[in-house]
2 protein chains.
Amino acid sequence: MLVRMELRQLKGFVAVATSGSVTAAANDLGLAPASVSEQVRRLEAGLGVALFERTARGMRLTEPGTALLARAQGLLDHADEVRRAVTGARRRVRIGALEMLAAAKLPAVIRRLAERRPDLDVSVESRTRQSLLDAVAGGRLDAALLLDLGDRVGGLGFARPAGMDHVDVGEVRLSLVAAPDGDREPLLVSPSGCSIRLAADQLFGAEVPRRELSSITTAREWSRQGLGAALLPDFALGSDLDSGALVELGLDAPALALRLVWMREREPSLRDVLYALSAS
Amino acid sequence: MLVRMELRQLKGFVAVATSGSVTAAANDLGLAPASVSEQVRRLEAGLGVALFERTARGMRLTEPGTALLARAQGLLDHADEVRRAVTGARRRVRIGALEMLAAAKLPAVIRRLAERRPDLDVSVESRTRQSLLDAVAGGRLDAALLLDLGDRVGGLGFARPAGMDHVDVGEVRLSLVAAPDGDREPLLVSPSGCSIRLAADQLFGAEVPRRELSSITTAREWSRQGLGAALLPDFALGSDLDSGALVELGLDAPALALRLVWMREREPSLRDVLYALSAS
DNA sequence: GGGAGCATTCGGGAAAGCCTTATGCTGGTT
DNA sequence: AACCAGCATAAGGCTTTCCCGAATGCTCCC
């Protein structure tokens with residue numbers, strides 16, 4: 001066989017292709033950029049095909065490169081499945097979650113997964129949404145838990161890589177609240193980019209006067225002190241409604257979806273694992 | 001990732017596991033035995049598992065080794081499929097056939113394959129049955145064309161490796177013939193091991209007096225000269241019946257199946273290719 | 001025009017892959 | 001009982017691959 005294509009080289013290729021840069025890929029892999037560059041070069045030589053166009057600003061996939069990317073992760077997953085079958089190693093699923101959700105929502109999801117698939121080791125990390133999406137696209141995470149809206153990933157209004165599948169594993173209710181005798185304006189919002197802020201932007205448009213605060217928690221605190229209204233997720237409300245510290249302003253906001261997303265081309269058995277989380 | 005498992009090592013492992021010996025595997029791979037031995041050792045170190053028990057007479061698979069063998073060829077096939085998709089290389093299907101069939105029956109089979117799957121390159125070699133079965137089991141051939149009987153591979157009475165699938169792509173009629181005015185005994189048979197001989201053994205048992213000749217062609221020649229009866233396949237009869245050189249002795253022998261066999265665990269797309277040959 | 005950010009080249013050291021030859025094992029032969 | 005055939009593997013040596021840090025060259029942007 002003239003053709004040489006080794007799994008190690010494919011790992012390097014996938015890292016470069018998904019991160020778009022040799023430097024970033026090298027960081028992910030814990031290698032020097034020169035090493036990754038050479039891996040890619042050897043892979044291209046082995047296949048007899050140019051996988052990237054080199055630009056001064058990074059690497060752009062060629063048409064054969066795109067074809068390889070669509071298949072390489074699946075092959076690596078297959079190899080890993082073989083490895084696990086032979087060594088008896090437990091499968092490790094790496095799940096990331098929005099920092100906002102890690103404390104309040106993630107434990108229940110992980111517990112359900114542990115109950116249904118006790119054969120898995122689950123590892124968890126929390127990050128920002130963009131970092132999560134990048135990590136999922138780059139294969140550094142198997143799936144990510146975030147907040148979203150509608151039938152497609154990104155319905156809440158954020159950009160996401162193509163090729164993602166999702167399943168909704170729960171809901172997060174939103175309430176527009178204010179202190180009982182406090183102001184109903186302005187709308188106290190978290191920084192742009194925050195999921196709740198995206199929801200507020202979709203619900204109220206740009207007309208409503210607003211004040212941007214550093215976090216959801218801060219918005220809640222300000223609203224308790226009567227400085228305005230806040231759109232808060234159920235997990236951030238605590239007992240403020242029961243205690244009367246905050247009252248609901250009667251908005252029938254749509255619930256946000258607690259959504260697990262992953263790359264469609266990953267091995268089918270990953271899909272099974274993740275769907276195990278969906279049916280309640 | 002601590003674990004190292006490279007495709008090259010898997011190739012070596014498969015070769016050793018299927019041939020049962022490092023030496024034979026090295027021949028197949030075109031490497032020195034020491035190199036293959038080292039490949040296997042490194043693979044075992046990488047997986048952290050013993051794949052073989054070393055005996056003085058060869059290598060015997062351990063339980064994890066068996067698990068790997070069942071999956072490794074599928075992974076290599078997957079890798080090859082990815083390679084083809086990326087390089088645009090045409091798929092090459094290696095088919096072997098019994099020497100007896102190569103001239104008479106193989107061309108029609110190959111022509112049909114070329115018509116139905118013009119995207120394939122087909123390579124052909126002819127060998128003895130045992131050599132064919134070994135090559136198929138060892139992955140050196142994708143499939144083999146041979147003569148058989150009944151619903152299972154080996155129904156004609158030969159030993160075959162486990163895990164083979166098959167599809168019948170045609171029939172070979174058998175006729176018991178003799179010269180019009182020649183002897184009807186003894187039964188002129190080809191050497192043991194020949195498919196026609198196996199069929200004769202099944203049909204007539206051990207009682208019938210027989211004379212063993214060096215080939216089917218010789219048996220036909222002897223029977224034309226009146227020295228006995230012969231069980232001949234349609235493709236070996238030529239025009240002897242039409243010309244009256246031989247007459248049929250009125251035996252309703254079952255037709256042999258022209259049977260394509262391959263290893264079940266090979267990639268599904270191979271199965272599709274081969275099944276393309278079955279429907280007439 | 002200078003600098004930031006990028007990929008690549010270069011030189012060298014460590015590891016892997018491969019070879020041939022040598023060694024040790026076991027089971028069958030004479 | 002000694003020997004030999006066949007096997008896997010160790011030893012030694014060469015070549016290639018892999019990886020590193022440092023240097024180089026490129027382009028875009030300020």
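Keep in mind that this is a model prediction, so the values were computed, not measured. So that the names make sense, note that chain A is the first sequence line, chain B the second, and so on, each numbered from 1.
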Looking at B:Phe204, is B:Arg210 sitting on its ring face, NZ or CZ under 6.0 Å from the six-membered ring centre and within 45 degrees of the normal?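 Here B:Arg210 fails the 6.0 Å and 45° test against B:Phe204.
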Cationic tip of A:Arg129 above A:Phe158 ring, under 6.0 Å, 45° of axis: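 Yes, a cation-pi geometry holds between A:Arg129 and A:Phe158.
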Selected nucleotide, minimal atom distance to [X] side chain, candidates [options]:
X       : options               : answer
B:Val22 : C:dT20, D:dA8, D:dC20 : D:dA8
A:Met59 : C:dT20, D:dA8, C:dT8  : C:dT8
B:Leu31 : D:dG21, C:dC19, C:dA7 : C:dC19
B:Arg54 : D:dA8, C:dG17, D:dT17 : D:dA8
B:Ser21 : D:dC7, C:dC18, D:dA10 : D:dC7

Scan [X] against the nucleic acid and name what it touches under 4.0 Å (heavy atoms): base, sugar-phosphate only, or nothing.
X       : value
B:Gln39 : sugar-phosphate
A:Gly30 : sugar-phosphate
B:Thr23 : sugar-phosphate
B:Ser35 : base

Without decimals, in angstroms, what is the distance between [X] [atom1] and [N] [atom2]?
X       : N      : atom1 : atom2 : answer
B:Glu53 : D:dA8  : CD    : P     : 14 Å
A:Glu38 : C:dC10 : CD    : C1'   : 11 Å
A:Phe13 : C:dA7  : CZ    : P     : 15 Å
A:Glu6  : D:dT16 : CD    : P     : 17 Å
A:Arg42 : C:dA15 : CZ    : C1'   : 13 Å
B:Gln9  : D:dT17 : CD    : P     : 16 Å
B:Phe52 : D:dT9  : CZ    : C1'   : 14 Å
A:Glu44 : D:dT17 : CD    : P     : 16 Å

DNA chain C: A:Ala34 or B:Thr55, which has the more 5' nearest nucleotide?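 So the residue in question is A:Ala34.
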Are A:Leu47 and A:Arg42 packed together at the side-chain level, in the sense that at least one heavy-atom pair is separated by less than 4.5 angstrom?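 A:Leu47 does not reach A:Arg42 side chain to side chain.
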Does any non-hydrogen side-chain atom of A:Arg92 lie less than 4.5 Å from one of A:Arg94?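 The answer is yes, as the side chains (C-beta and beyond) meet within the 4.5 Å cut-off.
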Check this one for me: any side-chain N or O of A:Ser37 less than 4.0 Å away from OP1 or OP2 of C:dT8?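 Yes, within the criterion.
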Does this structure show an ion pair linking A:Arg127 with A:Glu125, if we count only N-O contacts that are shorter than 4.0 Å?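 The answer is yes: the pair qualifies as a salt bridge.
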